[in-house]
Amino acid sequence: MRVLVALADHLGQEGTLTTKYLLPESEIPRHWYNILADLGSPPAPVLHPGTKEAVGPSDLAPLFPMAIIEQEMSAQREIAIPDEVRDVLGLWRPTPLFRAHALERAIGTRSHVYYKYEGVSPSGSHKPNTAVAQAYYNAREGVKRLATETGAGQWGSSLSFAAARFGLHVTVYMVKVSHQQKPYRRSMMQVWGAEVFASPSTRTNAGRKILELTPESQGSLGIAISEAVEDAATHDDTKYALGSVLNHVCLHQTVIGLEAQRQMEMAGEYPDVVIGCHGGGSNFAGIAIPFVRDKMNGKKVRLVASEPASCPSLTKGVYAFDYGDAVGMTPIVKMHTLGHDFMPPGIHAGGLRYHGAAPLVSKLLDMGLVEAVAYPQRACFEAAVTFARAEGIVPAPESSHAVRAAIDEAKKADAEGTTRVVLFNLSGHGHFDLGAYDAYLAGQLEDYEYPSEAVASAMAQLPKIAL
Ligand SMILES: *Cc1c(COP(=O)(O)O)cnc(C)c1O
């Protein structure tokens, strides 16, 4: 009976059970928003792994095309999105924004919950937003091949799709455990024309070194990055592409938040809290950063990054200079880190296993402009199943961290006798991660909290920087 009354109230208020806010293709943003222009203090320098001196554009030239290097260091507020990039984004952008009426009912909240859905892209996540831009700039500068790493396969498949659009070859180093457990992501990359190797591989010095030390290594994102960087650095026609963490990646993802701002206007509401799951930081940065600009201009809005308790770079990591990869080949950046030799616990089902957080997100956290929470995986899958049964979409395990945080924000408001407008980014669907759902439904998933002592001892391995 209570349910019926709630339903009637709901219908009375809204008159509908599904509200989708769609923008026409002409409303794909024409500029990315570069928050570095508005932060007041410059970002920490990026350091050379050998000399530990600040790097200049020429140091990064073996790895990235000049246009990307310029964006990485740019202080320009609005950066134009090339027509060729907008054209490909138009395959699936603007993405829809939904009011989660059915979820609100299912959890019995009076708060309003909205979600931006990035799973409508060809590879099923937000990652093509940057993959398309990176492939375009590389092709324009005459690069023939891109080398990259992938964990669960989301980034590798997104780059494979994007590179195919611009006629580039792609070599993917895929973390060995995922190569074995996620064969269909590998198939997808191969359908789009990529060559895929299980990492650690015997193709690189970095891979061979790890295999010598630990022949049974299941790999890690840090190791795969070392292999891809080495491949790019040792081949003239090849550059490297990274799917998260770096400034230009966060920049390309701002299309998410810029569209969401317009769509919340259509809904006639402004969010009290904006949430994204956090692995390397790109989808969180993408939805949050345009709202951080509002916040700096006096708007009242909270930005919350939701990360796994098993890989808690924002909530337990230290804000320090560290390498981006496992063996110390990449530039050193200042970020929240668990230490570059972090080995993700094998029991964790989803992605989000990188040792560091985006320098940009780390800085926003340090400045108190954003917040972070950490959740154990079972609570996230529980939220994802509730969401799927109400809204229909099966979230990616990564995205489930945002779903959990959104439900908790709504419930907290109920407990406080208030209501909140909650907006979260549903960064992708979970169609390739049903094995993880199987394990959850069978009661086989364990929670694991990464110990603070492990973070403390990893800090001894950080590069020594006199800054
Ligand atoms: C890769 C991925 C993430 C994590 O990466 P971020 O850079 O933190 O966004 C989150 N969700 C999905 C669906 C992903 O594929």
Side-chain angles (χ1 to χ4, degrees), residues 95 115-131 134 148-161 172 174-175 178 182 185 188-189 221 224-225 241-257 275-289 303-308 311-314 317 324 335-336 344 348-362 364-365 370 372 374-375 377 380 384 387 393-405 424-433 436:
T95 60
Y115 60 98
K116 177 81 166 153
Y117 184 44
E118 289 293 310
V120 291
S121 77
S123 63
S125 76
H126 66 290
K127 291 199 172 77
N129 295 332
T130 184
Q134 293 191 48
T148 197
E149 72 290 331
T150 198
Q154 287 273 22
W155 170 242
S157 54
S158 300
L159 190 69
S160 302
F161 147 72
V172 182
M174 185 173 190
V175 177
S178 300
K182 309 228 166 170
R185 278 274 169 207
M188 211 173 172
M189 292 185 251
L221 215 44
I225 292 174
L242 187 62
S244 186
V245 179
L246 297 179
N247 295 345
H248 67 269
V249 180
C250 295
L251 174 78
H252 298 156
Q253 294 296 353
T254 57
V255 292
I256 303 172
I275 298 164
C277 68
H278 190 281
S282 72
N283 91 87
F284 171 70
I287 191 146
I289 278 177
L303 299 312
V304 178
S306 182
E307 66 180 6
C311 184
S313 58
L314 292 174
M335 60 181 174
H336 276 84
H348 189 64
L352 309 181
R353 303 189 201 193
Y354 185 62
H355 65 272
L360 198 48
V361 173
S362 299
L364 295 175
L365 184 67
V370 307
Y375 284 107
Q377 62 180 347
C380 296
F387 180 88
I393 298 168
V394 180
E398 295 89 340
S399 316
S400 74
H401 294 74
V403 180
R404 175 78 268 164
F424 73 94
N425 191 35
L426 189 63
S427 53
H429 66 64
H431 299 177
F432 291 88
D433 305 285

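Order of appearance sets the numbers: ligands from 1, and atoms from 1 within every ligand.
- Side chains of Asn283 and Glu398: a donor-acceptor N/O pair is absent below 3.5 angstrom, by distance only.
- Heavy-atom separations between His126 and ligand 1 include at least one value shorter than 4.0 Å.
- Of all atoms in ligand 1, numbered sequentially from 1 with element shown, those under 4.0 Å from a heavy atom of Gly279 are 8 (O).
- Applying the 4.0 Å criterion to heavy atoms of Gly281 picks out, from ligand 1, the atoms 6 (P), 7 (O), 8 (O).
- Side chains of His401 and His278 form no contact here, defined as non-hydrogen atoms less than 4.5 Å apart.
- Backbone and side-chain nitrogen or oxygen atoms of Ser427 are examined, and one is located within less than 3.5 angstrom of a nitrogen or oxygen of ligand 1.
- Among all heavy-atom pairs drawn from Gly243 and Thr130, the shortest one is O-CG2, 4.3 Å.
- With sequence neighbours left out, His126 forms a ring-ring contact (aromatic ring centres under 6.0 Å, His included) with no residue at all.
- Short contacts between ligand 1 and Ser244, defined as distances under 4.0 Å to a heavy atom of the residue, involve ligand atoms 6 (P), 7 (O).
- Neither the backbone nor the side chain of Gln253 has a heavy atom within less than 4.0 Å of ligand 1.
- Side chains of Ser157 and Ser123: a donor-acceptor N/O pair is absent below 3.5 angstrom, by distance only.
- Near Gln154, meaning under 4.0 Å from any of its heavy atoms, are these atoms of ligand 1: 13 (C), 15 (O).
- Between Gly280 and ligand 1, a contact under 3.5 Å exists for at least one N or O pair.
- Below 30°, between 30° and 60°, or above 60°: for Phe432 and His429 the angle between ring planes is below 30°, a parallel geometry.
- Of all the atoms in ligand 1, the ones that sit under 4.0 Å from a non-hydrogen atom of Cys277 are 10 (C), 11 (N).
- Using a 4.0 Å cut-off to heavy atoms of Gly428, the atoms of ligand 1 that qualify are 13 (C).
- Residues that satisfy the side-chain hydrogen bond (donor to acceptor under 3.5 Å, both in side chains) test with Ser427, not counting sequence neighbours, are Ser399.
- To the nearest 0.5 angstrom, Tyr117 atom OH is 11.0 Å from Asn425 atom CG.
- Comparing Asn425, Asn283, Val245 by heavy-atom distance to atom 9 (O) of ligand 1, the nearest is Asn283.
- Only the side chain of Lys127 comes within 4.0 Å of ligand 1, judged by heavy-atom distances.
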